[in-house]
Structures are given as structure tokens and as C-alpha cells.
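Okay, structure first, notes after.
On a predicted model such as this, the values are computed, not experimentally measured, just so you know.
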Amino acid sequence: MGILTAGGDSPGLNAAIRGVGKSVQGHYRMQLIGFRDGFRGLMENRSMRLDGERLSGILTLGGTILGTSRDKPQRMLVDGKPADMTETIVRHYREHRLDVLICLGGGGTQKNALHLKQQGLNIITLPKTIDNDVACTDTSFGFDTALGIATEAIDRLHSTAHSHHRIIVVEIMGHRAGWLALGAGIAGGADVILLPEIPYDIQRVAEAIRQRVRHGKSFSIVAVAEGARSLEQAAQIRDLEEQKLHARNKKQKRRAKQRLAELEADHLGNHTVQLSEQLERLTGLESRVTILGHVQRGGAPSAADRLLATRLGSACADLVAREQYGVMVAAAGEQAVPVPLEEVAGRRKLVPPDHPWIISAKRVGTSLGD
Ligand code: F6P
């Protein structure tokens, strides 16, 4: 068996490698090799034997002992130019005489895994991401740890915001999904939570903060997902997406795509600072920005993530023993169930507007800026 970790790292990856490895070796007597740095390691044929000794003592380690990358089989930089390296990857899979390749990753990895399945390889994936946005699974390992880190950060920001009578705008990861900001915002008692799924009205956000001031609360914590957008920004993106969809020729389509990419890059770099400045102007309070960034992905996995990764890893070994390939091992309550990669790849699990977390946040008086 081969195994690799791809996409952004996340706490629990080593626990999952161990879960798969110890189960296949101890219980089913199979051999495991790890490919380094995601699909790139398989393309460059860089591997390491994962024997019992190598799997020992890694349960609690953050990151991934295999290394990772965001390289895609179909578009990998080789000598500085993008190239389709699928054939090389398939050749190396065959040369190693693998029965199955286990890919641990998020949304991008599920797509790459499906592509390799379509080339005739036996593939099983496990859902990993702090964003919690992989489709068809209750949750993914990494999310619980990041949730704990972001919540602790909000706890700590409270005392300083309170002492200085300030707004603190805290930016939380999650790519295009708001799970992490919403979960940490609720658990940390943020006063405003802004999500990509609910475009916000800046006037309403400012009014929520002013209302707190009128009630004697001269500080506010605003938890903002990195992908959150104002109503105006959301409308601009919708327009460009329409243009892309209805482009009359390739040139028009390319231009709309490029404009969307520019907008996203600009947004990621500036949005939270601009939001903080706007709130200062509209409320008269001083405001500060804290960007939690990669701190949220670092360090040891939580107990819940170790447990989840071990559960999914050992369930993966059962599927290998039954030769049930082409699936992701999803978490469904206390069960681990196989879901065909075709159902997972290309879909993103976003926060539905009527999700119970949203309803609870509103009930306790949190503003979502809508
Ligand atoms: O997908 C996980 C994630 O941490 C996102 O929340 C974030 O947008 C992205 O990865 C950051 O990617 P990178 O580590 O490549 O900067």
C-alpha cells in the first residue's frame, strides 16, 4: 500500500497515517510505503518505508511526517512550466506494485484522487482539513484542533479589547467556508461573526457595535472568516461569475476568470484591515486587527482529532482488506462509511443559512451582519 498527504497540512495527519499503518500491519499484515510531499513525491518517486518503528510516537505530532504540497497530477510545475504528470504517477504506482494508494487531503485532494481513480488506480481517501468543507462527511480531522485554537484566541482578545474599549477584528481561516469562524465565534462569544455564506451589510455591523455601546459595552469582538464579503463585494463577484458563465468567446472567459482571481487575491490581503478601518469610522471606537493565520493549523492535534483520525484510519484498513476502492472514508455519526469519490469531488460543504449553529448564534444576540 502507498500513502500520501496532500494540500495544506492539518493536525491529525500523523494520527491518521498511524491509524492506517498500524491497522494494516498489525491486523492485516500488509506493507505500507509513504510518498513524500503529496502527489509530487509520487511523481518524483520519493518514498519512505513506514514500518512499525516509524509509526511509533507520531500520534500526537502536528504537521505530517511525509511532508505535503498543493501539487496536482494534471498540472505540476516541472522545470518552471506546468505539465500533466499523470502518466509518470501511474507508472510509479505500477512500479511499486501497489494494491492501493491512500490519499489524505481536503477538497483539492479528493478531485486529484478521482482523476487517478479514472486512470484505473485503486484509491481510498480520508477527509482532512481545518476548514471542515469536505462534502459528504460530518467532519474532517484538523477542524476540532483549529476550532480550539481560534476559540482560545478570541478568549484572550476579550480581556485586551475590554480594557482598551476597542473593537478587535479577528480574522479566522476557512477558505470559502465559514465553519471555523462560526464555531469559534460562538464558542468564544464574539459579538459579530461574518461568514462567506452570508454577505454582510457594513451599516448593520456598525449599528450592532453602537448598540452595545448604548448598553454600556464599550468593546466588541468581530470574528471574520477570511472569505467573508460585504454585500457590494458579493454582488461584484456574482457579476463576474455571470460574465464567465455567459462569455461569448475564450478571451472574454479568460478575462473574467483573471479578474475573479485578482479580486480574490486583493480580498485576502486587504479585506480585514479595510473592515476594521470602516468600523472605526462608523462607530468612533478604536479598532485593531488580529490575523490568526497558520497558527490555527500548527501544533498537536486535539483529543477529538486524534480519535477521529484513528477511527477513519482503521476503517480505511478494513476497506483495503475488502478491496473496496474508489471511495472516501467519511465520518457519519459514530460510523465510518465509504462514499464514492464521484460524489465527493468538486463539491464543497458550506454553512447552510438555516444551520442550527446560525440559529443559535442569532438567538444569543450575535450579529451576523445581515
Ligand atoms: O485549506 C486550509 C487552509 O488553511 C485555508 O483555511 C486557507 O485559506 C489556506 O489553507 C491557506 O493556504 P496556504 O497554507 O497555502 O497559505
Side-chain angles (χ1 to χ4, degrees), residues 1-7 9-69 71 73 88-106 109-110 112-114 116-117 119-128 140-142 301 305-331 336 338 341:
M1 286 175 55
I3 189 165
L4 58 80
T5 54
D9 74 321
S10 113
L13 277 169
N14 290 322
I17 295 170
R18 173 183 175 273
V20 174
K22 290 209 168 195
S23 310
V24 294
Q25 287 165 0
H27 201 68
Y28 296 111
R29 308 242 161 263
M30 298 175 194
Q31 279 181 2
L32 186 65
I33 58 169
F35 292 94
R36 296 188 185 263
D37 303 331
F39 294 101
R40 178 162 289 273
L42 184 53
M43 191 278 280
E44 292 173 352
N45 209 0
R46 288 187 288 116
S47 63
M48 66 198 265
R49 225 14 213 285
L50 290 174
D51 53 20
E53 191 137 333
R54 198 65 198 84
L55 295 172
S56 207
I58 65 169
L59 173 67
T60 60
L61 290 185
T64 157
I65 58 164
L66 293 174
T68 186
S69 73
D71 287 300
T88 313
I89 285 178
V90 171
R91 180 156 48 79
H92 290 158
Y93 174 99
R94 305 250 182 254
E95 280 172 10
H96 281 280
R97 303 170 54 117
L98 298 180
D99 290 311
V100 56
L101 175 70
I102 314 297
C103 304
L104 277 48
T109 304
Q110 308 301 327
N112 295 327
L114 175 61
L116 295 182
K117 174 183 177 180
Q119 313 306 309
L121 306 194
N122 295 332
I123 305 280
I124 300 181
T125 66
L126 261 59
K128 158 261 37 169
S140 323
F141 49 85
D305 275 338
R306 294 177 203 181
L307 178 60
L308 177 66
T310 306
R311 275 198 312 119
L312 299 185
S314 64
C316 172
D318 292 342
L319 294 176
V320 174
R322 296 206 300 268
E323 299 184 16
Q324 193 172 345
Y325 303 132
V327 294
M328 177 183 81
V329 190
L341 284 175

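Applying the 6.0 Å contact sphere to CD of Glu53 captures no more than 12 heavy atoms from other residues, nucleotides or ligands. The 12-atom threshold is exceeded at CD of Gln119, counting heavy atoms of other residues, nucleotides or ligands nearer than 6.0 Å.
Lys117 is linked by a salt bridge (Lys or Arg N to Asp or Glu O under 4.0 Å) to Glu342, counting only residues two or more places apart in sequence or in another chain. Partners of Pro127 under the side chain to side chain contact (heavy atoms under 4.5 Å, CB included) rule, at least two apart in sequence or in another chain, are Val134, Thr137, Ser140, Leu312, Met328. Listed by chain and residue number, Ala15, Ala16, Phe141 satisfy the side chain to side chain contact (heavy atoms under 4.5 Å, CB included) test with Ala309 (two or more places apart in sequence, or in another chain). By the side-chain hydrogen bond (donor to acceptor under 3.5 Å, both in side chains) test, Thr125 pairs with Gln110, sequence neighbours left out. Taking Arg40 as the reference, Glu44, Asp71 meet the salt bridge (Lys or Arg N to Asp or Glu O under 4.0 Å) condition, with sequence neighbours excluded. Contacts of Thr88 classified as side chain to side chain contact (heavy atoms under 4.5 Å, CB included), with partners at least two apart in sequence or in another chain: Met43, Met85, Arg91, His92. In this structure Asn14 satisfies the side chain to side chain contact (heavy atoms under 4.5 Å, CB included) test together with Ile17, Ile58, Leu61, Thr64, Ile65, sequence neighbours excluded. Partners of Phe35 under the ring pair (Phe, Tyr, Trp, His ring centres under 6.0 Å) rule, at least two apart in sequence or in another chain, are His96. Remark: Asp305 engages no residue in a salt bridge (Lys or Arg N to Asp or Glu O under 4.0 Å) (not counting sequence neighbours).
Summarising the geometry, atom CG belonging to Leu104 is positioned 8.0 Å from atom CG belonging to Leu4; distances are rounded to the nearest 0.5 Å. Within the model, atoms CG of Leu121 and CD1 of Ile89 stand 9.0 Å from one another, a figure rounded to the nearest 0.5 Å. Here the CG atom belonging to Leu13 is positioned 8.5 Å from the CG atom belonging to Leu66, to the nearest 0.5 angstrom. With rounding to the nearest 0.5 Å, the separation of SG in Cys316 from CD1 in Ile102 is 3.5 Å. We find the OH-CG distance between Tyr93 and Asn45 to be 14.5 Å, quoted to the nearest 0.5 Å. Expressed to the nearest 0.5 Å, how far CD of Gln25 lies from CE of Met30 amounts to 10.5 Å.
Between Ser10 and Lys128, the shortest heavy-atom distance links the atoms OG-CG, 3.4 Å. Contact between Ala336 and Val329 at its shortest, heavy atoms only, is CB-CG1, 3.9 Å. The minimum heavy-atom distance between Leu98 and Gly2, with the atom names listed, is CD2-N, 3.7 Å.
Pairs of residues two or more places apart, or lying in two chains, never qualify as salt bridge (charged side-chain N to carboxylate O under 4.0 Å, His left out) while including a residue from residues 18-33. Every pair passing salt bridge (charged side-chain N to carboxylate O under 4.0 Å, His left out) that includes a residue from residues 30-39 is listed here, sequence neighbours excluded: Asp37-Arg46. Sorted by first and then second residue, the pairs that involve residues 317-331 and meet side-chain hydrogen bond (donor to acceptor under 3.5 Å, both in side chains), not counting sequence neighbours, are Tyr28-Asp318, Arg322-Gln324.
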Take Ile33 and Gln31 through the side chain to side chain contact (heavy atoms under 4.5 Å, CB included) test and state the conclusion after the steps.
CA-CA 7 Å; Ile33 58 169; Gln31 279 181 2; over 6 Å; no

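Listed for the Thr5 side chain is no donor-acceptor partner under 3.5 Å among the backbone atoms of Thr68.
You'll find the side chain of Asp99 stays beyond 4.5 Å of the side chain of Val320, heavy atoms only.
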